[in-house]
Amino acid sequence: METKTQTKKVINTTVKISGAEAVIKCLLKEGVDLIYGYPGGAIMPIYDKLYKYQDQLHHVLTRHEQGATHAAQGFARVNGKTGVVFATSGPGATNLVTGIADAQIDSTPMVCITGQVASHLLGTDAFQETDIISISTPVTKWNYQVTKASEIPEVLAKAFYIAKSGRPGPVLIDITKDAQFGELDFSYKKCKNIRSYFPVPKLDLEQIKSAADIINSAKKPFIIMGQGVILGNAEKELKSFIRKTGIPTASTALGLSGLETNHPLFVGMVGMHGHYAPNLKTNECDVLIAIGMRFDDRVTGDLKRYAKQAKIVHFEIDPAEIDKNVKTDVAVLGDVKKTLKVIIPLIKKTSHKKWHQEFKDLYEIEYREVIKNQLQPKKEGLTMGEVMEGINKETKGDAVIVSDVGQHQMFAWRYAKFNNSRSTITSGGLGTMGFALPAAIGAKMGAPDREVIAFIGDGGYQMTIQELGTIFQTKVPVKIVVLNNSFLGMVRQWQELFFDKRYASTEMVNPNFVKIAEGYDIEAQRVDKREDLQAALKKMVASKDSYFLEVKIEKEDNVFPMIPTGASVSEVRLK
């Protein structure tokens, strides 16, 4: 009788928790241990419960909600995990939109949780109410507004599944204040599938065989790899594929580091400011093999004159990218790690040595006309290229390089050396100035054992300079290099080349960056002479703490090669 009573007691006793606490428990169930965010009224109940779990969940208070999204992106990009962001309603939520859009176009897994006014106030223009669901719909992989506490576990399980599965992307979950205060019987089950959502297309063996036939018959094949190789953890399979085929391989900007820079078959970066040989050879190859890339306009130039002579084989996980920009002959849909693994046994072992030599010959031209002048300049002023080369000497290609957007970004990706995957972090598709500083904070927290260097222009730096406060509070040892030419350099270059040097609103009067860094207790130094550069870089890299280095560079230094807007990749300019 006593046993039955005890059993009955266990069955009938339930532990109810608030929706706010359920959010925290869901994150713990998903293995989250780091959150970036900024509190406010509508999300205060969640922050109140977070206080109780702060020994399990570390929260980083950024100085702006946009900084939180970029930090979460840097964290996700460096280690493949899902970044998590908290923000309040109204301006807190809208301040996330740029980072969310950036994550969407660059396929970065991120879950943003925003507070919202109570459900009975929705649509009344209540204080700090914005319709963040409608606002964020075009730039999220999925979003959802929670109005009942009972919805929270299932919705968050779906959020993490959708953000990470297939082609990754950002998800936003908006939770009303009454749902945070409401109670529920908590239980959590990880989401493993969703009806009508198929993140990875089914493998089509016939398409793989057709692709193999085309590749085997090629005389001048060429591979362009993108970030999909990195996102799919397919670096090993890519190397096996190119080792067997001997095919020259280039990368998009986001695909850099998926293949080490010194690999004998790596021929550089394609695109507007990419390398000479891969851009020219795009329009000379007979088979173009695109692996995990989406034929962005910065890569293709004029689509009417892009690789028209070539058969196109496209390895891609997202069916929406097939034939969107470039018409394919064979589309190999699926997880690229699996599709490459399946196709390798069907590929003949070849070398294509003469074809590869053509790339080498064009590189020599580029080296003589462009690279040598950038890395060993005769002019007095320092160049962005030689600063990047100096970083290479100190890091030996093992650092994570986080760049902002502009001229320095292109110099970074043209000249940085990489030995390891997930070493390049930048804003690719959206081109968000201000990205690098907060993204570097997230990257260092995501890979604490790796050297992380933010490579930033003076314009983009000042867009999120307040995140020095995050470094000051967290003591995260990020190294910051600001290239100061007192110009918005990329816009100025276009004004020089295409607008008769009418430098409209691009010259900048900058503050004392060293004093600002020192105000945040960050050791800082300024360099404006070539003979001082390497010693300064050595000191920065050797530091165990955060470090700021300002390098004064040539005011009117341009990045070449360059494909003008609307031009063909064959019309790449060396000067």
Side-chain angles (χ1 to χ4, degrees), residues 18-20 22-24 26-27 35-50 62 64-73 82-163 168-182 184 194 196-197 429-430 432 434:
S18 69
V23 170
I24 304 304
C26 290
L27 296 181
I35 303 163
Y36 299 92
Y38 206 101
I43 199 170
M44 208 174 294
I46 292 175
Y47 271 90
D48 182 58
K49 294 303 178 183
L50 178 62
T62 56
H64 192 284
E65 292 88 352
Q66 182 180 340
T69 57
H70 295 328
Q73 286 177 273
T82 300
V84 179
V85 177
F86 281 178
T88 195
S89 63
T94 58
N95 281 344
L96 301 179
V97 172
T98 297
I100 292 171
D102 198 290
Q104 172 79 340
I105 200 165
D106 282 353
S107 305
T108 305
M110 183 164 68
V111 172
C112 297
I113 297 172
T114 54
Q116 184 54 275
V117 300
S119 55
H120 73 277
L121 293 174
L122 292 172
T124 68
D125 293 332
F127 178 67
Q128 290 195 333
E129 181 202 356
T130 57
D131 184 0
I132 193 62
I133 294 298
S134 295
I135 291 170
S136 65
T137 294
V139 293
T140 50
K141 192 175 177 186
W142 182 59
N143 64 15
Y144 188 85
Q145 187 172 73
V146 174
T147 57
K148 296 178 182 177
S150 58
E151 297 179 287
I152 288 172
E154 183 180 358
V155 169
L156 283 182
K158 284 184 178 179
F160 277 90
Y161 175 64
I162 291 170
V171 171
L172 183 139
I173 305 301
D174 192 42
I175 308 177
T176 61
K177 205 165 184 179
D178 50 323
Q180 296 173 50
F181 279 124
L184 72 155
I194 298 172
S196 77
Y197 171 57
L430 197 64
T432 305

Legend entry - Separation between CD1 of Ile43 and CD1 of Ile175, rounded to the nearest 0.5 Å: 7.0 Å

Inset, instruction - Apply side-chain contact (heavy atoms from CB on, under 4.5 Å) to Pro39 and list each qualifying residue two or more places apart in sequence or on a separate chain. - result: Tyr47, Leu61

Inset, instruction - Output, in order, the C-alpha distance, side-chain angles, deciding distance and verdict of side chain to side chain contact (heavy atoms under 4.5 Å, CB included) for Asn95 and Thr69. - result: CA-CA 9 Å; Asn95 281 344; Thr69 57; over 6 Å; no

Inset, instruction - Just jot down the side-chain hydrogen bond (donor to acceptor under 3.5 Å, both in side chains) partners of Asp131, sequence neighbours excluded, or say none. - result: Ser134

Legend entry - Contact summary for Gln104 and Val139, nearest pair of heavy atoms: CB-O, 3.2 Å

Inset, instruction - List in chain and number order the residues that pass side-chain contact (heavy atoms from CB on, under 4.5 Å) with Ala149, two or more places apart in sequence or in another chain; answer none if no residue qualifies. - result: Leu184

Legend entry - Residue list, side-chain contact (heavy atoms from CB on, under 4.5 Å) with Asn143, at least two apart or on another chain: Ile133, Ser136, Thr137, Thr140, Leu172

Inset, instruction - Supply the atom-to-atom distance Leu27 CG to Leu156 CG, rounded to the nearest 0.5 angstrom. - result: 6.5 Å

Legend entry - Counterpart residues, side-chain contact (heavy atoms from CB on, under 4.5 Å), relative to Ala103 (two or more places apart): Gln73, Thr108, Met110, Pro170

Inset, instruction - Hey, could you give me each pair passing ring pair (Phe, Tyr, Trp, His ring centres under 6.0 Å) that has a residue in residues 109-159? Not counting sequence neighbours. - result: Trp142-Tyr144

Inset, instruction - Would you check if Lys177 and Pro45 make a side-chain contact, meaning some heavy-atom pair closer than 4.5 Å? - result: yes

Legend entry - Those residues that, when tested against Thr124, pass side-chain hydrogen bond (donor to acceptor under 3.5 Å, both in side chains) (two or more places apart): none

Legend entry - Whether Gln128 side chain and Val117 backbone form a donor-acceptor pair below 3.5 Å: no

Legend entry - Any residue meeting side-chain hydrogen bond (donor to acceptor under 3.5 Å, both in side chains) with Thr114, in chain and number order, not counting sequence neighbours: Asp174

Legend entry - Closest heavy-atom pair and its distance - Tyr38, Thr62: CD1-O, 3.1 Å

Legend entry - With Ile113, the side-chain contact (heavy atoms from CB on, under 4.5 Å) member among Val171, Ile46, Val85: Ile46

Legend entry - Over all atoms of both residues, closest heavy-atom pair of Ile152 and Ala22: CG2-CB, 4.1 Å

Inset, instruction - State whether the side chain of Asp178 and the backbone N or O of Ser119 hold a donor-acceptor pair below 3.5 Å, judged by distance alone. - result: yes

Inset, instruction - Without swapping roles, check the side chain of Asp48 against the backbone of Met44 for a donor-acceptor pair under 3.5 Å. - result: no

Inset, instruction - Determine the minimum heavy-atom distance between Gly92 and Ala87, stating which atoms define it. - result: O-CB, 3.7 Å

Inset, instruction - Enter the distance from Asp102:CG to Leu96:CG here, rounded to the nearest 0.5 Å. - result: 13.0 Å

Legend entry - Check: Thr130 main-chain N/O paired with Gln116 side-chain donor or acceptor under 3.5 Å: yes

Legend entry - ring pair (Phe, Tyr, Trp, His ring centres under 6.0 Å) partners of residues 88-113, not counting sequence neighbours, each pair once: none

Inset, instruction - Return yes if some donor-acceptor pair links the side-chain N/O of Thr88 with the main-chain N/O of Ala42 below 3.5 Å, else return no. - result: yes

Inset, instruction - Return the set of residues passing side-chain hydrogen bond (donor to acceptor under 3.5 Å, both in side chains) with Gln180 (not counting sequence neighbours), or none when no residue passes. - result: none

Inset, instruction - Take Thr82 and Tyr161 through the test side chain to side chain contact (heavy atoms under 4.5 Å, CB included) and record every step on the way to the result. - result: CA-CA 10 Å; Thr82 300; Tyr161 175 64; over 6 Å; no

Legend entry - Least distance between heavy atoms, His70 atom then Gly434 atom: CD2-O, 4.0 Å

Legend entry - All ring-ring contact (aromatic ring centres under 6.0 Å, His included) counterparts of Phe181, not counting sequence neighbours: none

Inset, instruction - Could you pull out the closest heavy-atom pair between Ala163 and Val111, with the gap in Å? - result: CB-CG2, 4.1 Å

Legend entry - Rounded distance [0.5 Å steps], CD in Gln145 versus CG in Leu122: 5.0 Å

Legend entry - Pairs flagged by salt bridge (Lys or Arg N to Asp or Glu O under 4.0 Å) wherever residues 136-162 is involved - sequence neighbours left out: Glu154-Lys158

